[in-house]
Amino acid sequence: MANLVYKRVSTDQQSTARQNLVLDDAGIEDPVVFEEDPGTSSRLHPLQRPKFRALLDYARPGDTVHISEMFRLVRGTGHILDVLDVLHRNHLALRIHDGAFSAMDLTARHPRTGELLSTVKFMVQTLAAAGELQRDLQRELTYDGLRAAEAKGRKGGRRPAVAAAKTDDVRTAYLEGRSIAALAREHDVSRGAIRTAVVDLLPEYTPADPGAPAPELPVVLDMPGKVADFLRAAELEPVERVTLDQGVTVRRGQGYTLRVTAVPAVHRQLLDRCQSLDGTTSVPAQRKARREYENRVNALPVASLR
């Protein structure tokens, strides 16, 4: 019987150090580790995550799945019950080594009906709902903080790498012969930031052709949260990744939409990226969300799609 260890972090700035400590203390024998790529979204259904699907493919009846805490694997109550059903169907045990669920046998079933015990189901739903409430409150506090900052004239987001007050100095120094590397060291910014500040002064700079067609204008579309979750875990081009990262989350009852601003071509690229959500491996809610996003992209004015 194999011991299968699953690890995941929500952002690429996080590490699995805490999970490693908990799992090492558990003394798991001959662990087979499945670790998601950094930044795999917690909103993405566990059964759609590449490494957890690989774990299920690898597993055999009688194996045990080990996680440091429940929320490394799932977030919402629906996800928890879906995962427990799959584990039960595949005759896999689940062992949680830390947190509120660590003292519970989540795979306990009624001896005659084979269904999840009512007490277990109640505790799972209650504890998961409490976790969702905590995260929602944190989002609300963050939103209120941003609103308060805007009222005082401050904006959120990344600050310009080269302050506007120093841009003229940087450009003058570049024209006087200072190198981009030297200016980057002097102003404690990246070379790319300096190149951006002096882009029209670079030898390779080519002015735009006056006769060229006008570029597409950005369009704002609401992307269903389930589509956004899928795309965040997918392999994207840099421009697509930046577009998602700059999207604005809008709460919609129990879910959310991502308000995405991009030129129509990028919206179409993102739509193409989530074609697999129409497949049999996706859940009905994901297929519905993708169709909603497809309808919104297809509804863009014809002039914008040229």
Side-chain angles (χ1 to χ4, degrees), residues 8-12 36-53 73-83 86 132 135-136 138-140 142-143 146 156-158 214-306:
R8 183 192 62 82
V9 292
S10 299
T11 71
D12 54 11
E36 298 287 359
D37 291 337
T40 302
S41 174
S42 61
R43 296 192 184 97
L44 185 64
H45 197 293
L47 301 180
Q48 295 295 327
R49 296 180 195 152
K51 292 301 181 181
F52 189 66
R53 290 177 63 180
L73 177 59
V74 293
R75 289 288 184 178
T77 55
H79 290 186
I80 293 177
L81 297 178
D82 288 346
V83 169
V86 170
E132 289 178 353
R135 291 191 302 277
D136 287 344
Q138 289 174 338
R139 293 191 190 101
E140 290 174 4
T142 300
Y143 177 74
L146 290 173
R158 183 179 298 177
E216 291 184 315
L217 297 178
V219 178
V220 180
L221 288 183
D222 282 352
M223 176 187 293
K226 293 187 181 300
V227 173
D229 292 340
F230 176 83
L231 290 173
R232 285 193 174 106
E235 293 185 4
L236 302 178
E237 295 294 333
V239 66
E240 298 167 347
R241 180 68 61 188
V242 170
T243 298
L244 278 185
D245 291 344
Q246 293 179 344
V248 178
T249 300
V250 180
R251 300 298 300 175
R252 303 289 188 192
Q254 296 297 320
Y256 79 103
T257 60
L258 189 68
R259 188 152 293 164
V260 177
T261 302
V263 296
V266 174
H267 281 299
R268 294 196 297 274
Q269 289 173 212
L270 292 172
L271 178 62
D272 291 340
R273 296 287 186 187
C274 58
Q275 289 288 346
S276 61
L277 289 182
D278 279 342
T280 57
T281 59
S282 62
V283 296
Q286 289 176 316
R287 293 196 290 272
K288 179 181 178 181
R290 188 208 166 275
R291 287 195 296 270
E292 290 178 359
Y293 184 51
E294 181 179 30
N295 291 337
R296 292 168 188 172
V297 173
N298 291 340
L300 290 174
V302 176
S304 297
L305 296 175
R306 291 175 184 170

Write down the atom of F230, the atom of C274, and the distance for their closest heavy-atom approach.
->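 Shortest heavy-atom separation between F230 and C274 comes out as CE2-CA, 3.6 Å.
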Search all heavy atoms of R49 against all heavy atoms of L73 and return the closest pair with its distance.
->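 R49 and L73 have their closest heavy atoms at NH1-O, 2.6 Å.
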Side chain of H45, backbone of V283: donor and acceptor closer than 3.5 Å?
->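 Checked: no pair found.
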Can you check whether K51's main-chain N or O pairs, donor with acceptor, with E36's side chain at less than 3.5 Å?
->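 A pair under 3.5 Å: yes.
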Decide yes or no on side-chain hydrogen bond (donor to acceptor under 3.5 Å, both in side chains) for Y293 and N298, but give the supporting numbers first.
-> CA-CA 9 Å; Y293 184 51; N298 291 340; over 6 Å; no
Reported CG-to-CZ distance for the pair L44 and R232, which is rounded to 0.5 angstrom =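 Result: 10.5 Å between the selected atoms.
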CG on L221 to CD on E292, rounded to 0.5 Å |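 E292 atom CD to L221 atom CG measures 13.0 Å (nearest 0.5 Å).
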Contact between [X] and [Y] at the side-chain level, heavy atoms closer than 4.5 Å - yes or no?
| X | Y | result |
| --- | --- | --- |
| R287 | R291 | yes |
| V263 | V266 | yes |
| L270 | M223 | yes |
| R259 | V220 | yes |

Contacts of type side chain to side chain contact (heavy atoms under 4.5 Å, CB included), residue A289, not counting sequence neighbours |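 With sequence neighbours excluded, A289 shows a side chain to side chain contact (heavy atoms under 4.5 Å, CB included) to P224, K226, V227, given in chain and number order.
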Pair E237 + R241, salt bridge at N-O below 4.0 Å =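 Answer for the salt bridge query: no.
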Residues in ring pair (Phe, Tyr, Trp, His ring centres under 6.0 Å) with F52, at least two apart?
->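 Partners of F52 under the ring pair (Phe, Tyr, Trp, His ring centres under 6.0 Å) test: Y6.
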Is the CD atom of E235 crowded by more than 12 outside heavy atoms at less than 6.0 Å?
->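 Not buried by this count: 12 neighbours or fewer within 6.0 Å.
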Identify, with sequence neighbours excluded, every residue that meets side chain to side chain donor-acceptor pair (under 3.5 Å) alongside Q246.
->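 Expected list: none.
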